[in-house]
Amino acid sequence: MDFGFKLSPSSAVNLDTVDRRRYDRLVQLEPDALTCIGCGSCSATCTAAPWSGMSVRKVILGLQRGRDDEVDAMLSRCMLCGKCTMVCPRGINTRHLILTLCRLDKNGEAVR
Amino acid sequence: MIYQGKQKIWADYQKEIPDDHWFYVRSCIRQNFFPASEKYFLKICRDLLGRDIYESEHHTTCAGIAYHCDTIPQETAMTVVARQFALMTEAGYDNLVTSCITSFGNYTEILETWREFPELEEKIREHLWKACRREFNKPKYIAHASDLVYKLRGEIAERARYQLVSRATGEPLRIVEHIGCHYSKMFPHKGVGGAEYPCVLSGMAEAWGGQVIDYPERRHCCGFGFRQYFVKANRGYSLSNTHKKFESMEPYHPDMIITNCPGCPYFLDRWQYVIAEMEGKTYGQNGYGIPAFTYEELAGLVLGVDPWDLGLQVHQVAVEPLLDKIGIPYDPAKKYLGMDEKKIKTPGLPATLKCC
Amino acid sequence: MRERFITHFDPFVIPFLVGMAFVLGYCLVAMVRVIAELPKADRKRFLGSLFTPKYIWMNVRDIFLNCLIHVKLWKRNKVLGFMHSSIAFGWFMIIVLGHLEVMLFVPERIRLFYYPIFFNYFVAETEQTIQGSLLMFLMDFFLLLILSGIAIAIIKRFASRIVGMRRTTRLSLLDRVGLYSLWAIFPLRLLAESFTAHISGGSFLTIPTNWVFRQFLGNDLYALPTWWAYSVALCVFMCVLPFTRYMHIPAEMLLIPMRNAGIRIRHPRKGFATLEVYSCPGCGVCIDACPMTVRKANCKDCTVYLNRQLRRGNERRIEEIADKCLLCGKCTAVCQVGAQGPELRVAQRERRKYALSPSYAGINVRPMARAVAAGAGGESGGVLYFAGCMTHLTPSIRRATASLLDKAGVRWQMMDPDGGLCCGRPLMMAGRTEQARELIAKNLEIIRASGCDTLLLSCPICYRIFKEEYPLDGIRVVHHSVFFQELIAAGQLSIQRDGEAKFVWHDPCELGRGCGIYEQPRQALAAAGELVEAGRHHAESICCGGSLGSLTLSFDQRRPMVRNALDNLTVADPSEIVTGCPLCLSTFVRDADRPVRDIAEVLDSRC
Amino acid sequence: MVNRTPVIAVIGAGIAGLEAARQLAALGYEPVLIEKAPVAGGHVAEWNRLFPDMTPASEVIRPLLEQTSGIRTCLDTEIASINRLKDGFNLVLSDGSSLICQAVLFATGFHLFDASKKEEYGYGIYDRVITNRDLEQWFNTRHDPRVDHPKAVGFVHCVGSRDIKAGNAQCSKVCCITAIKQAIEIKEEFPDAEVYCFYMDLRLFGKKYEDFYIKAQRDYGIHFIRGRVSEVGEAIDGRVVVKAEDTLSGKPVRVTLDLLVLMAGIVCNPDAQHYAREIGATVDEDGFLKSRNNLAAITESSRPGVFFAGACTGAKTVPETLAEARSAALAIHQYLSKRG
């Protein structure tokens, strides 16, 4: 029956059920990703940010929160210019982190 | 769950509720949704327990709905409330008991505001005088009707004909208590048991033999939310909140829900039908829903009032399985008979949610 | 000379023949395969070049100079140059002279493959002739030359520092077999020829040795076994050759003509790439040259090991090595066969499969194009300055560049005043060429809209890709250091010399080795103060360590490289380090003990 | 100099009191330690290991106790009243005795915030909710049925700190680093457990603290979620359901945990306020004792002869407390020397 309104999906992140396979694999390959402090330097300097809202900070966080679609959308404009790597105060190799992430499929497996 | 821990908190949040002599103000909407609730509250208090509760036909809305919908400013709401106080003062009462949770919250909020800003109170007095030449004393005590029933729960239990237990097994019924948001979330000390673990309804449930269940989304809003429900575009949001609560309470297999707010039982009752239509999901046993009651209906039930006199036939969710479980007799044939014993219309049965 | 055996044959030549047949067969198949794997256009081009006189001459010259004389190595290290050329050229001469001997004395045997090799066994000297003596002298001379080379090789193997190498490659098992058999070939030949020298004749080396042996042994019993040993050593060497680094000997002979024909790596594992890999002699010169090897842990990440792992097909290591490299190009600069380490690595990176590939097609650059068109005000010509991502992180460069342009009265505007798109070079370095092409298309749209005639870059990373990959016909692409040098030379900028200042110029990899720009920045700097050189400079300058080329090096791992590069820059104790790359600048600034500035800043401060 | 050795009453035998007493004795005075609890050592003695080097707390406490063993220590003793004398104070103790002293040192320390006041976290109501102190007890005794091989553990920072509604607007300074320490310890104990830290800000100001944090992130994979826990509920299996906002992603998060540790903050000790009022010293707005000067004279009260050391003036770390205790001893020494 059409009531003219619908159940809206919850925007809450349920950490019990969130699919973190891609994140888990990423931190296995790039343990430095764990040390992100969410300062946002990477987002502030990002060349691609105007076109996709790219932010390495949000990418790392989004993966932990199971927001893979948002992550992929952000990654879709990354130009690998390396500015984020230069400004990261924790010395995270963000550029390689992005490359590594682009190689992982939804299940966190590297495509061959 | 450490029950003693809750008791400790309850001990900190006991409010003073005078035993007698109350000025009663009704809810705007309850008489439509749950027509017998207010009537039976008065009946039980006055006739059964012998309390003095006065009601004036001149009282109006407290303007809480309009205030919460941002359609009137607070000062207007305050003046409306001041008029109720004036009616109470004129009738010679000091204690105000409200039927509606939002009214309770509204009155409390206004009194607290006046306490902080006495100049505002003066201004409102002037407004009231200009508007209708009335003067008022502030009530000494404000209680919600559920506070009063909580206070009288022992006396009701003594006179109860039924216990909230399963007749077949003797097990206490599993009861979800849902407190209206405006009851104590704004002023925890104004609610019995505070805001986090209120005991106003759980106290009744336990006194009448039931067992309260503590599910994760216990504190969550029923989903009414004036602005969410009234605007159709936002109505899905309202529904989603209710859905969230049902999903959370589902594993506990509750037998019933009791509430102390006008909107909550309505939404917790009617949305079960909508969810069943949308999702094909029902939350009660055997395809039925979980019946949602007002505390007055519950008090009426345990005291042996005929379910149809309590207006349970206007509930969306069928109450019959629960009545059977407790062992309360009812006559199915009389379900849709009006006051004059003539048949009122029988509603059509929904497709998914099982009803009687 | 007379022949000693009617059969003209002895079984000991069989091992040699087997080895020879194997190696020739193997090389032939390999050659055909490499040529077949080339893309069609490349193949056509290569085969065509083989019949073009210009290329024929180039090929012969290069093969002679590089494969036999090892000219590049001579320039780099005299001892190593001598070692390699003595063995290669000596061996070559022995083969040539062997054939000459056969042609001279027993011309009818020239068709016997083994005859020139084992000539001394099959003949007996009947009379001494001048030509004979000369030939024998030359044979002994070149044998001695080779032996001296072998001696150095043995010393090098056990004490590489003596020959000026800090580090040398670690050999695989087969390489060892090849090496030891190579070492054995020539002493065995000396022994074999010496044992028969009283019969076949000899010269200053073999005759005295023969005399010594005869004094001690008194008979010829050892002659045949030694010839056997010689043949067997040759056989072993030739049989393992395809599986050892010595494969570079035949491979290089194909590599040189191909490179002369302009063939480039198109596939990471096929065609030219295979040839490059097999052309690596594994000498390990790249190990010392590589900026990463200041960390001992990175020694195995040099090009020589990439080639080795590519031959072995060790995918895990290939990926590791391919991704770690800074792509500074120094290995190519020092390599005697000119192995293109960076290109080979980028080719490996290109091969990667991705689950997610970015796309820039949806980016709307029209507002930016409109902005530059408006900036040009309808006039064509003028300078379009593209700061690029990295310069946006070093605003001092951008400001100094703008200031100099204004001072010189140049009509200019910025292409990316509020940040723009990336130039695409970092994507290319990461092997994402297709994506880079999309960015190129987007940037072109903006450049074209500006109507400029000069595209000015203050970042060598951008400069290189704009120069190499952007179809910008009619628009001059210029690095700011060159542009300012020209303005100084033309008198449009007058620079006041600072008597106190002592500058050292750091050649950024992309600018120097990448684009061959070394002198203009130096000339410009010399106008501003005294110029000193770094320990290693020009084509051998050391990467700052911050390069975008490396995908995997972490910040911590780069740090020793940065320090090493700084140490190299400060050997002449300059008062200031000057570079022309924002990335080098940011990298150096963190660790330098003295001021580091961009050339634009230096010039602007003295202008 | 007075005829007999000056007596100094040191109120509180935590690390501040012990250290100050030790120093005063070394300076030739007669300190008297008055401690309400039956044992000396204060809060530190209840702790298992200390940040950021995982030093056993006993390594701090034991030498202090050994070196103060000769000092008169009144355990299980409260102060009934304090009277000001002409050149000193008369303290009437709960055992009825009276102590005449020339100076009084408040080393009264702090109280750990009563976590049950944050009702929404359900301490004392839910089985799986404990405090930082409870966890230290567990580290000490390995006995607490609430800590039972948890698979998911949460730490709530700032429980009763930076919280006006909880009556304490101040930062408790040590909870962030304590949470990280305890999270690491939990992870060491239960390597398979997912550990979440819910924080508002991470205030890791001290030497090595940041390294400790990086270690927690990289080596132990502890999840840091920037957002205050809003409410805790109980799931049907008795585990706790924690709700917060992940402010960095702007989304609500919920997680079901086997154990929730509340980082109860440092609040003032009401006894100290009471004694201070009695002696005429000032109590600051935050409830802690008010120094004469927060920069230059932190150990001195506005009253002559009354001194402060340690957390009675505000949240402090162990090294800060010890340094302040030494400083207070010197201040007392100067005060008494000047008086002659």
- Message: If I compare all heavy atoms of A:D32 with all of D:R218, which pair ends up nearest, and what's the gap?
- Response: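 Reported closest heavy-atom pair: OD1-NH1, 3.2 Å.
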- Distance from D:R226 atom CZ to A:I37 atom CD1, nearest 0.5 Å?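 D:R226 CZ to A:I37 CD1: 12.0 Å, rounded to 0.5 Å.
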- Message: As an exercise, state the distance from OG1 of A:T35 to CZ of D:F224, rounded to the nearest 0.5 Å.
- Response: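 A:T35 atom OG1 to D:F224 atom CZ measures 11.5 Å (nearest 0.5 Å).
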- Query: Do any N or O atoms from the side chain of A:D16 and from the backbone of D:V255 form a donor-acceptor pair under 3.5 angstrom?
  - Reply: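 Checked: no pair found.
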- Under the 3.5 angstrom rule, does the side chain of A:R65 hit a backbone N or O of D:V253 as a donor-acceptor pair?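 Not at all, since once roles are kept as given, no pair shorter than 3.5 Å links the two residues.
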- Item | D:E285, CD atom: more than 12 neighbouring heavy atoms under 6.0 Å |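 Not more than 12 within 6.0 Å, no.
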- Query: Above 12 or not: heavy atoms from other molecules or residues under 6.0 Å from NZ of A:K106?
  - Reply: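 Count over threshold, so yes.
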- Item | chain A contact via D:D219 - side chain, backbone, both or neither, heavy atoms under 4.5 Å |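 Neither part.
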- Query: Does any heavy atom of chain A fall under 4.5 Å from the side chain of D:E194, the backbone, both, or neither of them?
  - Reply: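 Side chain of D:E194 only, per the 4.5 Å heavy-atom cut-off to chain A.
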- D:L248 and A:K58, any side-chain heavy atoms less than 4.5 Å apart: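 A side-chain contact under 4.5 Å is absent here.
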- Heavy-atom check, side chain of A:Q64 versus side chain of D:I225, under 4.5 Å: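 Result no, sub-4.5 Å side-chain heavy-atom pair not found.
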